K.L.:
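Pasting in a structure now, in structure tokens, and then I'll have a few things to ask.
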Amino acid sequence: MDRIPVFDGHNDTLLNLLLRRRGQGRSFFERSKTGHLDLPRAVEGSFSGGFFACFVPPDPRAGWDEESALRITDEGYEVSGSPPLDPEYARRFADKMTALLFRLEEESEGRMKVVRKAAEIDDCLEDGALAAILHFEGAENLGPDPGALEEVHDLGLRSLGLVWSRPNAYAHGVPFRFPSSPDTGPGLTDAGRELVRECNRLGVLIDLSHLNENGFWNVADLSDAPLVATHSNPHALCPTARNLTDRQLDAIRDSDGMVGVNFAVAFLREDGKDDADTPLETVALHVDYLVDRVGIDRVGFGSDFDGAKVPKAIGDVSGLPNLLTTLEEHGYGEAELRKLTHGNWLRVLRQTWGG
Ligand SMILES: [Zn+2]
């Protein structure tokens, strides 16, 4: 079988390139041994693009960080109390990350393209350029005025997560907690509801990953677009607050939306442990479960490359063919693999963006 291109629902590579301490100063254009994703390794792994997240980390002045907020419990863990960001700070940081993505596009001399239409992704898959969707992981990135959505849409934003795992003016994200239901707090605020309508009007994809369950149902009621969780897994196989219950999966199926399988081992393993020694078989079981529940046309990948610990057997983006081999062994034929690797994302994006 020819190498099948992979278009993917989530990476945090921009953050790793922007924060030198996190990314160790690596370049997107040189093959590195650190992190998960750069252009040479993308080519090796037939990674043809995906959602590039603008994630604004906690403001160091707020004195909160994930490691010190982590509490080990009898059954698992809990990371609590990630404070809301100052929207001015969030907007400034998001502007820098957005500028970085466009700078990469320019420096790539045609090898990478920030895409605004599904047809542009088709072209990239055809000619081998990397297709990047500008995605905001948290609507506080818009700044204090939600009306800024139109402005960033004009710039190229095509996907918006209402929240990361913290509250903001629009909604409440789930804390990282295991085991836990995703029902962890109140639903959307009035501003959040308004933002959903704006996303629908402008054709911006609404990402449900990180949103709590009440918020999820509010979006399901309000939105006229397919329901999409770009990087989440079935709660039935790994009961973290970040994963989706069967009821949520059924709503995604009924809206003809989709789920991107997250390779983060902590969201894959039934024990919730952050252990890279996790077999590819476990990823395949998540794919099987989702295909069974929502259908072969509504499952894709949402790797979380550069944002999470992934199974050793994938390692980084160049290891994607290993996963495809495992899925083949699980009985997926070429036509099905083409849906899982990129076809379904293209279908949902075409439906959501129009054209
Ligand atoms: Zn995330």
Side-chain angles (χ1 to χ4, degrees), residues 8-19 22-23 35-37 50-58 64-67 69-70 77-80 82-85 90 93-94 97-98 101 132-141 157-168 170-178 180 182 184 205-213 215-216 219 227-235 238 240-244 248 252 258-269 272 274 283 286 300-311 314 317 345:
D8 173 68
H10 191 89
N11 73 68
D12 282 303
T13 302
L14 292 177
L15 186 68
N16 282 257
L17 296 172
L18 193 68
L19 300 183
R22 188 178 160 123
H36 295 144
L37 175 57
F51 292 63
F52 279 65
C54 278
F55 163 70
V56 181
W64 185 95
D65 68 85
E66 217 167 306
E67 286 93 82
L70 172 69
Y77 61 88
E78 174 165 10
V79 179
S80 55
S82 185
L85 296 182
F93 199 99
M97 292 187 95
T98 303
L101 181 64
I133 294 174
L134 174 58
H135 166 73
F136 277 4
E137 193 171 22
E140 61 268 57
N141 291 14
L157 186 85
R158 288 297 178 273
S159 172
L160 175 71
L162 296 180
V163 280
W164 183 66
S165 285
R166 63 188 161 214
N168 64 27
Y170 306 98
H172 299 261
V174 289
F176 297 107
R177 190 193 288 164
F178 181 97
S180 170
T184 59
L205 182 140
I206 301 165
D207 180 16
L208 296 161
S209 290
H210 290 277
L211 185 60
N212 68 9
E213 194 173 353
F216 177 99
V219 175
L227 299 175
V228 175
T230 58
H231 58 308
S232 293
N233 292 335
H235 194 269
C238 170
T240 157
R242 270 285 282 107
N243 286 342
L244 300 158
Q248 289 177 300
I252 287 172
M258 72 177 281
V259 182
V261 173
N262 194 322
F263 302 165
V265 289
F267 304 153
L268 286 168
R269 296 171 62 94
D274 200 26
V283 185
H286 280 254
F301 298 153
S303 68
D304 224 337
F305 280 138
D306 281 327
K309 194 179 282 176
V310 305
I314 297 177
V317 68
W345 275 124

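Order of appearance sets the numbers: ligands from 1, and atoms from 1 within every ligand. All of these numbers come straight from a predicted model, not from anything done at the bench.
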K.L.:
State whether the side chain of N233 and the backbone N or O of N262 hold a donor-acceptor pair below 3.5 Å, judged by distance alone.
P.N.:
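Between the backbone of N262 and the side chain of N233 there is a qualifying donor-acceptor contact (under 3.5 Å).
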K.L.:
Return yes if some donor-acceptor pair links the side-chain N/O of S209 with the main-chain N/O of H231 below 3.5 Å, else return no.
P.N.:
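Pair found, side chain donor or acceptor close to backbone of H231.
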K.L.:
Can the ring centres of F301 and F263 be said to be less than 6.0 Å apart?
P.N.:
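Yes; F263 has its ring centre under 6.0 Å from that of F301.
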K.L.:
So what does the E137 OE2 - the Zn ion (ligand 1) - H210 NE2 angle come to, to 10°?
P.N.:
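An angle of 90° at the metal.
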K.L.:
Below 2.8 Å, can you find an N, O or S atom of H10 next to the Zn ion (ligand 1)?
P.N.:
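Looking at H10, which is the residue asked about, there is no N, O or S atom under 2.8 Å from the Zn ion (ligand 1).
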K.L.:
Taking H36 for the side chain and D306 for the main chain, is one N or O donor matched with an acceptor at less than 3.5 Å?
P.N.:
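Yes; judged by distance alone, with no hydrogens or angles, the pair exists.
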K.L.:
Would one find an N, O or S atom of D12, in either backbone or side chain, under 2.8 Å from the Zn ion (ligand 1)?
P.N.:
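Under 2.8 Å: D12 has no N, O or S contact with the Zn ion (ligand 1).
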